[in-house]
Protein chains: 4
Amino acid sequence: MTLASDARTVQAAPAPGPAGRRRAGGKVRRMPREVRERQMLDAAVEVFARRGYRAASMDEIAELAGVSKPLVYLYLQSKEELFGACIRREAHALMEAVTAAVEPDAPADARLWNGLRAFFAHTADHPDGWALLSCQARTHGEPFTPVVAELRQQIVDVVTRLIAATCEDAGRAGAPADHEVSGLAHALVGAAESLAGWANSPTGAQPSAKETAATLMDVAWVGLENLVSGRRWSPTAPPPEDAP
Amino acid sequence: MTLASDARTVQAAPAPGPAGRRRAGGKVRRMPREVRERQMLDAAVEVFARRGYRAASMDEIAELAGVSKPLVYLYLQSKEELFGACIRREAHALMEAVTAAVEPDAPADARLWNGLRAFFAHTADHPDGWALLSCQARTHGEPFTPVVAELRQQIVDVVTRLIAATCEDAGRAGAPADHEVSGLAHALVGAAESLAGWANSPTGAQPSAKETAATLMDVAWVGLENLVSGRRWSPTAPPPEDAP
Amino acid sequence: MTLASDARTVQAAPAPGPAGRRRAGGKVRRMPREVRERQMLDAAVEVFARRGYRAASMDEIAELAGVSKPLVYLYLQSKEELFGACIRREAHALMEAVTAAVEPDAPADARLWNGLRAFFAHTADHPDGWALLSCQARTHGEPFTPVVAELRQQIVDVVTRLIAATCEDAGRAGAPADHEVSGLAHALVGAAESLAGWANSPTGAQPSAKETAATLMDVAWVGLENLVSGRRWSPTAPPPEDAP
Amino acid sequence: MTLASDARTVQAAPAPGPAGRRRAGGKVRRMPREVRERQMLDAAVEVFARRGYRAASMDEIAELAGVSKPLVYLYLQSKEELFGACIRREAHALMEAVTAAVEPDAPADARLWNGLRAFFAHTADHPDGWALLSCQARTHGEPFTPVVAELRQQIVDVVTRLIAATCEDAGRAGAPADHEVSGLAHALVGAAESLAGWANSPTGAQPSAKETAATLMDVAWVGLENLVSGRRWSPTAPPPEDAP
DNA sequence: GATGAATGAGAGTTCATTCAT
DNA sequence: GATGAATGAACTCTCATTCAT
């Protein structure tokens, strides 16, 4: 699992290198471009997550990255491009983490289980990246909305495929319709998102990724199995049909 | 059910009223403060939802509300207060809608079912309000985040109580621990939120509130029942314990 | 002769008005939009003339106009639009001044004479405006170049018509070809421009517009008459034909 | 006639030279300083002419010259110095071209004629240099204005001497006063400048240097002769003395 | 000698906010 | 009560210029 964003470098103590490469003040200068760029992306993800796209200022990003603003522009062109680069990197990292954890030949429930664990583990490790993908993604009106929406859709698609696979593992009778599967996928992803936020929130029990995944599996898997085998919940005493 | 935001007034042709209340130019003046304020809030919700908090401009809000900018400030103090007022109004309306639909004495599944239906119906009817609550409000580290967090907590609490009630309806054996209940509640709320967004998204099947609620009930209720009776999912072939 | 730019207001002491309209500091606020706009244009013409388009800063313009920068943007949109407005105003004023001085029914030489006097008088009175038209106009690469070029062309066209009229007043024989007339017009305008600059330059005799016009008439009119009647200068001892 | 700017080197494929002076990459290194400097000046003249002083960027100049930016600074100190060097080189080249064409012992009209032809030929051959001298340099109140002003004064002085010589060739009667001569010289130079711009402009007849010079001689020489012999134009019906 | 890496300073532009009528 | 006039502060972005290798 090679995740670009694993190599966080913000504020990280740089490799000392030979004596003389440090200034008296301790600030290392003249890093290779690749390293600087990663530092900037790290800082940008953090600031974008904390403030939102509009409220984030390039000044703050540059300062957090430990470079001057013009350098950010030199390497990453504009605020919009910078944001796009952040989104792409974080989405890619998350997808990598999840797909790497899912063995294609395992049974459906094992795949879901492993995928969920990887998802919760990754979002717990990269809360800022997850904040970017889950919150900023839905903000309307900004020029990058389509990009984010597409990356989010990729995640939903993976889950959709998982559920569809589950259906195929089971018998055919009463299999849910396509739009039901789609709805389920969104429900599952939403539940996972919410749990990720809850698990990472400072208040509360701070459960591990495994516990969180188990909680979700407990409630979702049986429900899924039920659904797949055609059983549905129905109101025992059907409510009056007044509401939409 | 008296929801403030039901009485949308943006751009609506005002009731003419007695002669003399209109100017020659056709613009109605001297509306009662309450009405003006609602107009402003309606406009603000729309603009905030469309653009996001930072990108929304007071100019656009004032223009959409049909009033001058200083009046907006006279009534609502500042952009931040205005946003807070929007959030409070929309949150209150949503809570009202949901709680009004839940009969306290009904069985647990009926309460959940009715609550979900009301939730999906309301969010579908007030997409701007829902966009505010679900997206814009979470983004910013700004001072209104607590308001939204509180609303969300209220909803989670309601659901938590529902689940707890379900547990009590069932026997005691294997009842989930408190933190499990909490996690379940968050999962359920997240699933509902995600479904609401999906159901309202322009792409896709545009299911009715009832269908959406059914989708969620199908997967969640059986899972809940299972959980309540102490059954858990567990990996049939336990994966190697390498991950957290 | 009603020239917009005659009513210069930069730094002008504003009409006092009733007591109480001045602040203690003496700065008058809340002028009608029209007045403020003229102030800004005056300041902009001065700064653009002094620094050139690119080197002129909106800060300096705003300060010279005695207003804040946002007001300049509120009224005049952008630097480019502001420059365009300056060019248009100054070109219009110059054209007005010249055409107003030329009686259409007068003989050709009288028209040229009066036109030149008006030209020199106006450029002497509005050196900044003239600097804008004559210098900035030729700067390449800027987005407004076509506009300035067109306005400059209008001036050349007026002179061209004057010369053509002179030709018609004279007999037909040996009348100069069209492209010769065009060249003459450019030569005359260039001479006038140069004289205007010389007449306004701090060094030297500071001749009046009338004297300047006389100097130009002395050399140009006889030349013109000669040309019109078909006489040309030719090298008495023709130089070897090696040069282009 | 040795004009520095004749040896244009921009983008020119350098003479290969002995093996070993090229790198593997094909880029020639270690050119003699003189050559490098000329390349830079050529590039700078082109970019300054195209964009104007302020809009020209050192990046673009360095790139066009095919060298790195620090090298430009090493050789030419600063943007301002670089611009000054361009102006000086182009001004020197123009003066050389004109003075080389004027035989000191020829009669006055021949000297004027040859000088004008050389002027128009040179400006036509070096449009960028001429653009620099005629437009960019006048605009700015910056420190290189004196350089251009001095060049211009040199030209005016030459013309002034020509006119004075013409006066001496003719009789003394009615010879123009000194300030008249000065004015005439400015008018002539301005006319020539304007014609140079017109002759080089993309629109229009694109006349040759000889034709352009002839056009100017036709109108100016007779005027000069007239003036020298004391004849003046005067309004046949003197206009009312209302204007300055 | 030549250059990739880096920046201080300042540009145009926008916006929430407040007077003074 | 309602508004046209006005601004301080901040933002994105660019550029001439210099190190350190």
Side-chain angles (χ1 to χ4, degrees), chain A residues 20-21 23 27-33 35-37 54-62 66-80 82, chain B residues 27 29-33 36 54-62 67-75 77-82, chain C residues 20-21 23 27-33 35-37 54-62 66-82, chain D residues 23 27 29-33 36 54-62 67-75 77-82:
Chain A
R21 295 198 48 188
R23 282 280 199 83
K27 219 177 168 184
V28 172
R29 303 195 169 268
R30 307 187 67 72
M31 320 258 276
R33 172 169 184 149
V35 177
R36 274 276 189 253
E37 222 169 293
R54 291 294 284 239
S57 96
M58 295 298 271
D59 274 290
E60 188 176 357
I61 292 171
V67 299
S68 71
K69 224 183 344 172
L71 201 59
V72 180
Y73 279 92
L74 188 62
Y75 284 177
L76 288 150
Q77 277 77 264
S78 73
K79 193 184 189 181
E80 203 173 312
L82 173 57
Chain B
K27 224 176 166 185
R29 308 231 167 222
R30 303 263 169 198
M31 293 190 151
R33 170 165 183 150
R36 276 263 194 261
R54 289 295 284 237
S57 94
M58 295 297 272
D59 278 281
E60 189 176 357
I61 292 172
V67 300
S68 72
K69 233 184 336 172
L71 198 58
V72 178
Y73 279 89
L74 187 64
Y75 284 178
Q77 280 79 264
S78 73
K79 192 185 190 183
E80 207 172 300
E81 293 260 345
L82 173 57
Chain C
R21 295 197 47 187
R23 282 283 199 81
K27 218 176 168 186
V28 172
R29 302 193 171 270
R30 307 187 66 71
M31 320 259 275
R33 173 171 183 147
V35 176
R36 274 276 189 253
E37 221 168 294
R54 291 293 285 239
S57 96
M58 295 297 271
D59 274 292
E60 188 176 357
I61 292 171
V67 299
S68 70
K69 224 180 349 168
L71 201 58
V72 180
Y73 279 90
L74 188 63
Y75 284 176
L76 288 149
Q77 278 77 262
S78 73
K79 193 184 189 182
E80 202 173 312
E81 295 249 350
L82 173 57
Chain D
R23 284 279 198 84
K27 224 176 164 183
R29 309 234 166 218
R30 304 257 167 203
M31 291 189 151
R33 169 163 184 152
R36 276 262 193 263
R54 288 296 284 238
S57 93
M58 295 297 272
D59 277 281
E60 188 176 357
I61 292 172
V67 299
S68 73
K69 233 185 335 174
L71 199 59
V72 179
Y73 279 90
L74 187 64
Y75 283 179
Q77 279 78 265
S78 72
K79 192 185 190 183
E80 206 172 301
E81 293 261 344
L82 173 57

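Note on naming: letters A, B, ... go to the chains in the order of the sequence lines (proteins, then strands), and numbering restarts at 1 for each one.
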**Message:** Once pairs are restricted to Watson-Crick or G-U wobble with both distances under 3.5 Å, how does DNA chain F read as a dot-bracket string, [ ] for crossings and | for other-strand pairs?
**Reply:** .||||||||||||||||||||

**Request:** Establish, with yes or no, whether the OP1 or OP2 oxygen of E:dA6 is under 4.0 angstrom from a side-chain nitrogen or oxygen of A:R36.
**Result:** yes

Atom [atom1] of [X] and atom [atom2] of [N]: how far apart are they, to the nearest Å?
X: C:E37; N: F:dG4; atom1: CD; atom2: C1'; value: 14 Å
X: A:E60; N: F:dT12; atom1: CD; atom2: C1'; value: 15 Å
X: D:R33; N: E:dA2; atom1: CZ; atom2: P; value: 10 Å
X: B:E80; N: E:dC15; atom1: CD; atom2: P; value: 18 Å
X: C:L76; N: F:dA6; atom1: CG; atom2: C1'; value: 15 Å
X: A:M31; N: E:dG4; atom1: CE; atom2: C1'; value: 15 Å
X: D:L82; N: F:dT17; atom1: CG; atom2: C1'; value: 13 Å
X: B:L74; N: F:dA2; atom1: CG; atom2: P; value: 9 Å

**Prompt:** With no hydrogens and no angle check, is any side-chain donor or acceptor of A:K79 less than 3.5 Å from a backbone partner on A:S57?
**Reply:** no

**Asked** At what distance, to the nearest 0.5 angstrom, does CD of A:E37 lie from CG of A:L76?
**Response** 5.0 Å

**Prompt:** Atom CG in C:L71, atom NZ in C:K69: separation rounded to 0.5 Å?
**Reply:** 13.0 Å

Could you list all N or O pairs between the protein and nucleotides 10-12 of chain E that sit under 3.5 Å apart?
from: E:dG12; atom 1: OP1; to: C:A56; atom 2: O; distance (Å): 3.1
from: E:dG12; atom 1: OP1; to: C:K79; atom 2: NZ; distance (Å): 2.7
from: E:dG12; atom 1: OP2; to: C:M58; atom 2: N; distance (Å): 2.9

**Fill in**
For A:R33 and A:L74, the nearest pair of non-hydrogen atoms, with its separation, is NH2-O, 4.3 Å

**Fill in**
Closest non-hydrogen atoms of D:A62 and D:S68, given as atom of the first, atom of the second and distance, are CB-C, 4.2 Å

**Message:** Cation-pi check for C:Y75 against C:R36: NZ or CZ below 6.0 Å from the six-membered ring centre and within 45 degrees of the axis, yes or no?
**Reply:** no

**Request:** Verify side-chain contact (heavy atoms from CB on, under 4.5 Å) between D:Q77 and D:L82, making sure each step is shown before the conclusion.
**Result:** CA-CA 7 Å; D:Q77 279 78 265; D:L82 173 57; over 6 Å; no

**Item:** Upstream residue (5' side of DNA chain E) when B:P70 and D:Y75 are each assigned their closest nucleotide
**Value:** D:Y75

**Asked** Considering only F:dA2, E:dT7, E:dA6, which nucleotide approaches the side chain of B:S68 most closely?
**Response** F:dA2

